[in-house]
Amino acid sequence: MSTETEKTNDDRRKYEFRKVIEELQEYEGSGTQLVTIYIPEDKQIADVVAHVTQEHSEAANIKSKQTRTNVQDALTSIKDRLRYYDTFPPENGIVIFSGAVDSSGGRTEMVTKTLESPPDPIESFRYHCDSNFLTEPLEHMLADKGLFGLIVLDRREANVGWLKGKRVEPVKSASSLVPGKQRKGGQSAQRFARLRLEAIDNFYQEVAEMANDLFVPKRHEIDGILVGGPSPTKDEFLDGDYLHHELQDTVLGKFDVSYTDESGLYDLVDAGQEALSDQAIVEDKNQMEEFFENLHTGEKATYGFEQTRRNLIMGSVDRLLLSEDLRSDVVIYECPNGHEEYEVIDSRHTTPDHECSECREEGEVQDREDVIEHLMGIAEQRGTETIFISTDFEKGEQFHDAFGGIGGILRYSTGV
Ligand SMILES: [Zn+2]
């Protein structure tokens, strides 16, 4: 698979997860009866079953009969789901949601959902029982895009790692033999200073090597590098051009951080928050610039469901642009005279009637599908890349509100 196809699949997966999470967030239980279980990939399924069995017997102590029954039913459903797995969960783990949720007319409805292989690994086992499902850890995985390199250093130690989305991943560390500022008796001051500078230089080289080993192979995917540490260490390190020149160009900034152990990597992410959030949407911003420029000056842009769809089918779309916040369905109608027409509606609304615009006959509903799934499906067949656009910046918001969140940059003008 090419990286682009991988990225599209990744985006699609994230979109599918986001949809399920939004659905789960809507649910509420009348009591503390909605159960969520996060299972990391290295947790044995048998242990999880044992845990759930234990919770089931403890639930017998719940005073309210209704809540007790609901919790036990949820746990039974979860145990049923766990039967589908062998020794360990699939890659990155699984999350199971189960419980009796409030539905219309004071009734309840049993809901059980399993999410396999989330975008990031589940870090720890969690059992959660509340009046809502626990979705925050999954939301975090989806919240931010981006891959960033992290380096923290002073003259004694250094740590390098990744920031993947919101997750910090420490990878390697080094410590130096740089002598302190106090020289021993008998050493000449000059010689001592020279040796000390040499040792510092050697350590910077060692840190750069460690960073290069980690980041250079990924240099085309990295969105930027943050460097942290006390002054003047981080400045000396950057000004001395120790890093591979291609990495040097991606440094987003240097930040004051007091610790240079693993915890320093987390401090660095906090300190660099602004630079990070700007950078995470840089790609989206560039896409929007290009889209609006093409819209104003040329004809190599399209928007709206109908036009974008037609261009996609013609194979003229270079990049399909979809707003991350787009939540619509497309309904496909066919009238008795065989005219096929489409209507885009809010996902939460019921399917409306449709009068054929050509012959005024009533159209019969053929299908109702998520608009994003529908357009991405065509894009995949035509080899068109799909890009999701955040609404966290002005033009992204404008794209969603004024252009319906659907558009494309064309390879050539089609007049459609
Ligand atoms: Zn018709």
Side-chain angles (χ1 to χ4, degrees), residues 5 8-9 11-13 15-16 18-20 22-23 26 103-104 287-288 290-292 294-389 391 395-416:
T5 324
T8 301
N9 285 346
D11 277 350
R12 186 184 193 136
R13 253 186 109 58
Y15 168 69
E16 282 160 4
R18 200 171 296 133
K19 246 177 44 178
V20 176
E22 281 173 11
E23 190 189 329
E26 299 284 308
S103 67
S104 55
Q287 298 290 347
M288 279 295 102
E290 200 180 332
F291 171 75
F292 282 110
N294 271 304
L295 208 58
H296 295 312
T297 61
E299 294 167 322
K300 281 158 66 174
T302 187
Y303 66 91
F305 173 79
E306 198 67 50
Q307 283 82 347
T308 305
R309 184 178 185 278
R310 276 159 69 193
N311 274 300
L312 270 177
I313 288 171
M314 290 163 77
S316 57
V317 181
D318 182 50
R319 271 154 289 156
L320 170 65
L321 307 174
L322 297 172
S323 174
E324 264 180 11
D325 289 356
L326 182 64
R327 293 294 176 271
S328 301
D329 287 348
V330 57
V331 188
I332 304 163
Y333 300 90
E334 197 183 305
C335 78
N337 297 318
H339 300 130
E340 196 180 62
E341 294 194 339
Y342 300 83
E343 210 171 310
V344 176
I345 58 166
D346 190 305
S347 299
R348 292 162 299 187
H349 295 172
T350 53
T351 309
D353 293 335
H354 179 85
E355 185 187 79
C356 176
S357 66
E358 290 191 48
C359 64
R360 304 283 155 210
E361 296 275 355
E362 191 169 327
E364 195 185 317
V365 177
Q366 304 295 307
D367 200 3
R368 174 175 172 159
E369 194 185 3
D370 184 300
V371 121
I372 290 183
E373 300 280 350
H374 182 88
L375 293 173
M376 275 189 103
I378 306 172
E380 274 166 20
Q381 285 168 16
R382 296 289 185 275
T384 299
E385 185 189 356
T386 301
I387 294 168
F388 283 94
I389 305 292
T391 50
K395 286 211 163 92
E397 209 183 331
Q398 194 186 347
F399 179 64
H400 177 262
D401 296 346
F403 293 85
I406 301 172
I409 294 171
L410 303 180
R411 296 195 177 100
Y412 47 88
S413 164
T414 58
V416 172

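One-based numbering, in listed order, for ligands and for the atoms of each. We number each residue from 1, following the sequence as shown. Computed from a prediction, not measured in an experiment: that's the story for all the values here.
- Nearest heavy-atom pair, Leu326 versus Gly404, reported as atom, atom and distance to 0.1 Å: CD1-O, 3.3 Å.
- Side-chain polar atoms of Glu362 and His354 form no donor-acceptor pair below 3.5 angstrom.
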Open item on the list: Quick one, Phe292 with Phe403, criterion ring pair (Phe, Tyr, Trp, His ring centres under 6.0 Å). Give me CA distance, side-chain angles, the key distance, then yes/no.
Closed with: CA-CA 11 Å; Phe292 282 110; Phe403 293 85; 5.4 Å; yes
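- Aromatic pair Tyr342/Tyr333: ring centres not closer than 6.0 Å.
- Listed by chain and residue number, Asp325 satisfy the side chain to side chain donor-acceptor pair (under 3.5 Å) test with Thr391 (two or more places apart in sequence, or in another chain).
- A tilted orientation is assigned to the rings of His374 and Phe305, their planes being inclined by 30° to 60°.
- Excluding waters, the protein N/O/S atoms found under 2.8 Å from the Zn ion (ligand 1) are Cys335 SG, His339 ND1, Cys356 SG, Cys359 SG.
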